[in-house]
Amino acid sequence: MDLKTFIRDIDNFPKEGVVFKDITPLLANAQAMQYTLDKLLEMVGDVPIDKVVGMESRGFFFAPLLAQKLNAGFVPVRKPNKLPAAKTSQTYDLEYGTDTLEIHSDAILAGEKILVHDDVLATGGTAKATCDLIKRLGGEIVQCNFLIELDFLNGRHKLGDIPMRALLNY
Ligand SMILES: O=P(O)(O)OC[C@H]1O[C@H](OP(=O)(O)OP(=O)(O)O)[C@H](O)[C@@H]1O
Ligand SMILES: Nc1ncnc2[nH]cnc12
């Protein structure tokens, strides 16, 4: 199945000059969803995973599905002031300005094996901040797993030696 046929380019969204990769046609197709889930799982391989961490909000589409298949827990990383309990925060650079991501401090135990999933790796700021949060809690990142990697933004570089895989490259 050619998954790229289920991803459409939207020019100038959310701002002038950006070509937005819209995955809603993929989400709307049961076969494409199933195929995507199978392929994301294949990238992980046969290693044990304790928790799958997904980033708000598009990371939430596949991360809980991956967690269920891997017999792992799901942990949300959220935008500021959404999580109710004691939390750990990480501020990171955007193209212009900064943003913050948060995780519940008790969501990951020291030594747990973690799979990180998000839909898109662009500049890598979101993924790097998420990995920093996980490491601070003592989690061991097995893989950062993406549906789409935007090669020209070189987010891979920001992740350094953290293992990463993407299903589709643009
Ligand atoms: O690699 P980066 O440059 O950090 O960009 C990637 C992030 O950008 C998008 O999320 P967005 O902030 O648009 O939020 P959303 O998922 O709520 O739409 C995407 O879902 C990733 O989380
Ligand atoms: N071009 C893009 N399309 C979809 N999601 C993104 N997140 C960051 N850049 C993006």
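The basis for the numbers below is simple: all heavy atoms, side chains too, and nothing from hydrogens, waters or symmetry mates. Start at 1 and go down the list; that is how both ligands and their atoms are numbered. Just so it is clear, the model here is predicted, and its values are computed rather than measured.
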Item checked: Side-chain H-bond candidate by donor/acceptor type, S105 with T88, under 3.5 Å ->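 Side chains of S105 and T88: pair found under 3.5 Å.
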Checklist line | Distance-only donor-acceptor check, side chains S89 and T100, under 3.5 Å | finding: no
Notebook entry, point to check: For ligand 2, which atoms, with element, lie under 4.0 Å from some heavy atom of A122?
Noted result: 8 (C), 9 (N)
Item checked: R58: numbered ligand 2 atoms lying under 4.0 Å from its heavy atoms -> 4 (C), 5 (N)
Measuring from atom [atom1] of [X] to atom [atom2] of [Y], what distance do you get when rounded to the nearest 0.5 angstrom?
X    : Y    : atom1 : atom2 : answer
R78  : M55  : CZ    : CE    : 14.5 Å
T123 : Y92  : OG1   : OH    : 8.0 Å
E140 : E112 : CD    : CD    : 11.0 Å

Protein contact of [atom] - nearest heavy atom, named by residue and atom, plus distance:
atom                    : result
atom 6 (C) of ligand 1  : V120 O, 3.4 Å
atom 5 (O) of ligand 1  : A122 CB, 3.5 Å
atom 3 (N) of ligand 2  : K21 N, 2.9 Å
atom 13 (O) of ligand 1 : R58 NH2, 2.9 Å
atom 1 (O) of ligand 1  : G124 N, 2.8 Å
atom 17 (O) of ligand 1 : S57 OG, 2.6 Å
atom 6 (C) of ligand 2  : V120 CG1, 3.8 Å
atom 10 (C) of ligand 2 : L150 CD1, 4.0 Å
atom 3 (O) of ligand 1  : T123 OG1, 2.5 Å

Item checked: Proximity of D118 to ligand 1 by residue part, where a heavy atom lies under 4.0 Å ->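 The answer is the side chain of D118.
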Check: Is it the side chain, the backbone, both or neither of M55 that has a heavy atom closer than 4.0 Å to ligand 1?
Finding: neither
What atoms of ligand 1 come closer than 4.0 angstrom to any heavy atom of [X]?
X    : answer
K79  : 11 (P), 12 (O), 14 (O), 15 (P), 17 (O)
D119 : 19 (C), 20 (O)
T126 : 2 (P), 4 (O), 5 (O), 6 (C), 7 (C), 22 (O)
E56  : 16 (O)

Next item on the list: For ligand 2, find out whether one of its N or O atoms is nearer than 3.5 Å to an N or O atom of V19.
Entry: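 Looking only at distances, the answer is yes, because the N/O contact criterion of under 3.5 Å is met.
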Next item on the list: Decide yes or no on side-chain contact (heavy atoms from CB on, under 4.5 Å) for M33 and T36, but give the supporting numbers first.
Entry: CA-CA 5 Å; M33 278 289 277; T36 301; 5.8 Å; no
Next item on the list: Identify whether NZ of Lys or CZ of Arg in K21 sits under 6.0 Å from the centre of the six-membered ring of Y170 and within 45° of that ring's axis.
Entry: yes
Note to self: Taking the cut-offs as 6.0 angstrom to the six-membered ring centre and 45 degrees off its axis, would you call K15 and F20 a cation-pi pair?
What the structure shows: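 Output no; distance or angle outside limits.
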Should we count [atom1] of [X] as having more than 12 external heavy atoms under 6.0 Å?
X    : atom1 : answer
K128 : NZ    : no
K69  : NZ    : no
D9   : CG    : yes

